[in-house]
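Working notes for the structure below.
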Amino acid sequence: MTDQYADTILVGGNVRAASGRAEGLTVRAGVIETVGGGAEVLARRGPDTRVIELAGDTVLPGLHDLHVHPIYAGVRERRCKVPQGSTLAKTLGLVAEHVARTAPGAWVLGGQWDASALGVSPDRTMLDAVAPDHPVLLEDTSGHSSWANSAALRAAGIGPGTPDPPGGIFERDTAGRPSGIQRETAADLLAASAPKPADEEVEAALEWALGEMLSYGITSFTEAAVGFTAGPRSELRAYTRLAARGAVRQRVRLSLVWSPYDPGCDDLIAMRNLYASARITPDCVKIFLDGVPTDSHTAAMIEPYADTVEGRGAEAGRHGMLAIAQAVLDRAVTRFDRMGITVKFHAAGDAAVRAALDAIGAARAANGPGPCMHNVGHCTFVTESDIGRAPRIGATFEVSPYLWRPSPICADIAAAVGPAAIRRVWPVREMLEGGAPVVAGSDWCVVPSVNPWSAIESLVTRQEPGGSADSFGPDQAITLEQAFNLFTVNSARQEGMAHRVGRIEPGMLADVIVVDQDPFDVPITRVHATEVRMTFVEGEPVFDADERRPSK
């Protein structure tokens with residue numbers, strides 16, 4: 001071993017290693033070989049060694065995003081973008097501008113609108129005024145509701161006699177006609193009538209999003225719902241084609257969506273290994289259990305919402321919607337657990353979280369302990385008693401620290417559930433104190449940026465990046481070290497890679513990043529401003545800020 005030189009040396013900086021701080025590290029064959037002082041690492045220099053002078057920059061483990069929609073993010077860049085928090089006038093103005101440059105009769109697709117920011121309950125007639133002849137379909141900030149004009153409803157064949165689909169709602173006016181607001185599977189039904197992006201657009205969108213994530217130091221991620229934008233087969237083709245030409249540099253876990261209402265999803269899950277490669281692991285299944293605790297009232301809640309939805313049935317209006325019967329869910333999770341497939345749940349309301357934990361418990365009772373760390377995603381609200389169950393049944397809580405900053409969606413949530421419930425919104429501190437595994441996911445592009453540094457800061461401050469007078473659930477704040485662990489060692493364990501990535505020490509893979517400041521040495525309200533200089537995967541530079549593009 002001593003007669004072989006390092007492939008790469010990083011030296012002259014601040015390496016935050018598992019054993020403490022160091023001045024540099026060496027990499028050979030993609031593995032961290034040495035972590036130590038400058039002289040020690042430079043002793044491994046050979047005639048072909050690449051030496052990178054850090055000039056005081058900090059080296060950290062690569063970050064992990066365990067809930068992201070990269071194709072969705074890339075496609076949305078080309079659509080009618082409505083900044084979160086836009087007023088009704090601004091939203092309609094942006095739609096009108098997009099209509100003016102769109103071919104007659106072509107669809108106008110985009111988002112994101114927020115009910116609280118609009119200031120009124122939106123309906124189809126508002127969009128009709130600026131787009132009488134173009135079908136228009138706009139998603140809200142959560143991605144669980146959509147707003148359509150009359151032309152889009154006609155194109156989809158949606159009218160007064162259209163029943164609500166299972167797990168969805170068409171909001172209606174006083175005459176019983178669809179208002180143009182769709183919730184959950186009703187939004188999916190309308191979206192299915194809109195044109196899907198071509199394969200070339202999907203591949204370009206994914207490649208752009210991969211580069212965006214590398215620029216923030218994200219070396220591993222979980223695609224949270226394959227098919228969310230272009231359909232599962234189109235999106236799987238995009239991943240496999242990019243992987244075949246070496247354009248997928250991160251480690252990727254794919255979540256294939258399962259629903260009892262989709263007879264084709266089981267066939268796709270059964271053939272999942274057709275899409276596996278060195279960088280891509282399709283070993284996760286996504287199950288949507290409810291919606292979101294906003295004006296839609298589609299998140300399943302144990303306690304009733306603080307307000308009501310006019311025209312909604314008493315149970316759905318007051319407690320939301322649980323999408324899958326518990327017995328059906330238990331059987332599905334038990335089957336996937338037996339197959340060695342990890343289940344990722346969408347569960348925003350505390351009743352949905354409880355249903356997910358019940359299903360995981362049923363799987364453990366039937367199959368015994370196993371390696372799959374099934375994770376309950378979002379967890380906006382969780383009862384105290386359910387927090388204690390997670391570690392006992394081997395369940396992981398996946399939280400969304402990008403969502404809880406004071407923002408339009410937070411205002412919608414607060415109005416829907418009331419101030420008492422907000423005191424325990426996203427109870428991360430309680431989860432960690434209870435011994436539960438906790439990881440983080442951005443849900444990009446439900447959020448406008450995939451920047452993990454803003455999320456790390458917000459986990460500590462529960463405020464806007466940079467600090468703000470307003471906060472959201474401040475009693476659930478955690479320490480910076482805990483927040484950083486969510487994106488590194490905790491996530492590596494969740495992905496089954498704790499023996500390979502997540503920390504810097506000899507023998508680990510060299511998935512590391514170089515940043516311009518040590519986030520542990522700056523005021524907490526400056527952590528969001530951390531900039532990534534370089535990103536490495538197995539010692540190979542895959543992003544260099546000086547080039548402003550992913551390295552080839």
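Both backbone and side-chain heavy atoms feed into the values below; hydrogens, waters and symmetry mates do not. In this chain, numbering begins with 1 at the start of the sequence shown.
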**Prompt:** Which class fits the ring pair W147 and W113: parallel under 30°, tilted 30 to 60°, perpendicular over 60°?
**Reply:** perpendicular
Does a side-chain heavy-atom distance below 4.5 Å link [X] with [Y]?
X    : Y    : value
V130 : V136 : no
P165 : F170 : yes
T380 : V292 : no
E223 : R253 : no
V257 : V226 : no
E207 : L242 : yes
S234 : K196 : no
D123 : D173 : no

**Message:** Please evaluate residues M321 and I169 with respect to the criterion side-chain contact (heavy atoms from CB on, under 4.5 Å), reporting the C-alpha separation (whole Å), side-chain torsions for both, the decisive distance (0.1 Å), and the verdict.
**Reply:** CA-CA 10 Å; M321 302 166 57; I169 295 171; 3.7 Å; yes
Would you find a donor on one side and an acceptor on the other, under 3.5 Å apart, between the side chain of [X] and the backbone of [Y]?
X    : Y    : answer
R462 : D475 : no
T185 : G168 : yes
D443 : L403 : no
S179 : E171 : yes
D114 : G85  : yes
D140 : S145 : yes
D350 : I302 : yes
R76  : G111 : no
S146 : L137 : no
Q517 : R526 : yes

Using every non-hydrogen atom in the two residues, find where [X] and [Y] come nearest and quote the distance to one decimal.
X    : Y    : result
T222 : S255 : CG2-OG, 3.5 Å
G291 : H346 : O-NE2, 2.8 Å
P197 : A230 : CG-CB, 3.8 Å
P401 : S458 : O-CB, 4.0 Å
H67  : K286 : CE1-NZ, 3.7 Å
P83  : L94  : CD-CD1, 3.6 Å

**Request:** Test side-chain contact (heavy atoms from CB on, under 4.5 Å) on R241 and D199 and set out the steps.
**Result:** CA-CA 10 Å; R241 287 173 179 172; D199 281 0; 3.6 Å; yes
**Prompt:** side chain to side chain donor-acceptor pair (under 3.5 Å) with H144: which of E184, R183, Q182, E139?
**Reply:**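 With H144 as partner, side chain to side chain donor-acceptor pair (under 3.5 Å) holds for just one option, E184.
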Measuring from atom [atom1] of [X] to atom [atom2] of [Y], what distance do you get when rounded to the nearest 0.5 angstrom?
X    : Y    : atom1 : atom2 : value
L256 : Y275 : CG    : OH    : 9.0 Å
I478 : R429 : CD1   : CZ    : 10.5 Å
F288 : F345 : CZ    : CZ    : 12.5 Å
W258 : L329 : CH2   : CG    : 7.0 Å
Y216 : N451 : OH    : CG    : 5.0 Å
H64  : Q250 : NE2   : CD    : 11.5 Å

**Item:** Set of ring-ring contact (aromatic ring centres under 6.0 Å, His included) partners for F484, sequence neighbours left out
**Value:** F520
**Message:** Check this for me, if you would: do D164 and R172 make a salt bridge, where the nitrogen-to-carboxylate-oxygen distance has to be below 4.0 angstrom?
**Reply:**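 The answer is yes: the pair qualifies as a salt bridge.
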**Request:** Evaluate whether atom CD of E430 has more than 12 neighbouring non-hydrogen atoms of other residues, nucleotides or ligands under 6.0 angstrom away.
**Result:**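 It does: E430 CD has more than 12 such atoms within range.
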**Heavy-atom neighbours of R78 CZ exceed 12 at 6.0 Å** =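 More than 12 within 6.0 Å, yes.
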**Request:** Quick one: do D290 and T298 satisfy side-chain contact (heavy atoms from CB on, under 4.5 Å)? Show the steps, please.
**Result:** CA-CA 6 Å; D290 68 346; T298 55; over 6 Å; no
**Prompt:** Do E495 and R251 pass the salt bridge (charged side-chain N to carboxylate O under 4.0 Å, His left out) test, and can you show the C-alpha distance, the side-chain angles, and the key distance before you say yes or no?
**Reply:** CA-CA 10 Å; E495 292 177 314; R251 305 178 197 285; over 6 Å; no
**Message:** Show, in sequence, the C-alpha distance, side-chain angles and deciding distance for T141 and D412, and conclude whether the side-chain contact (heavy atoms from CB on, under 4.5 Å) test is met.
**Reply:** CA-CA 10 Å; T141 294; D412 286 350; over 6 Å; no
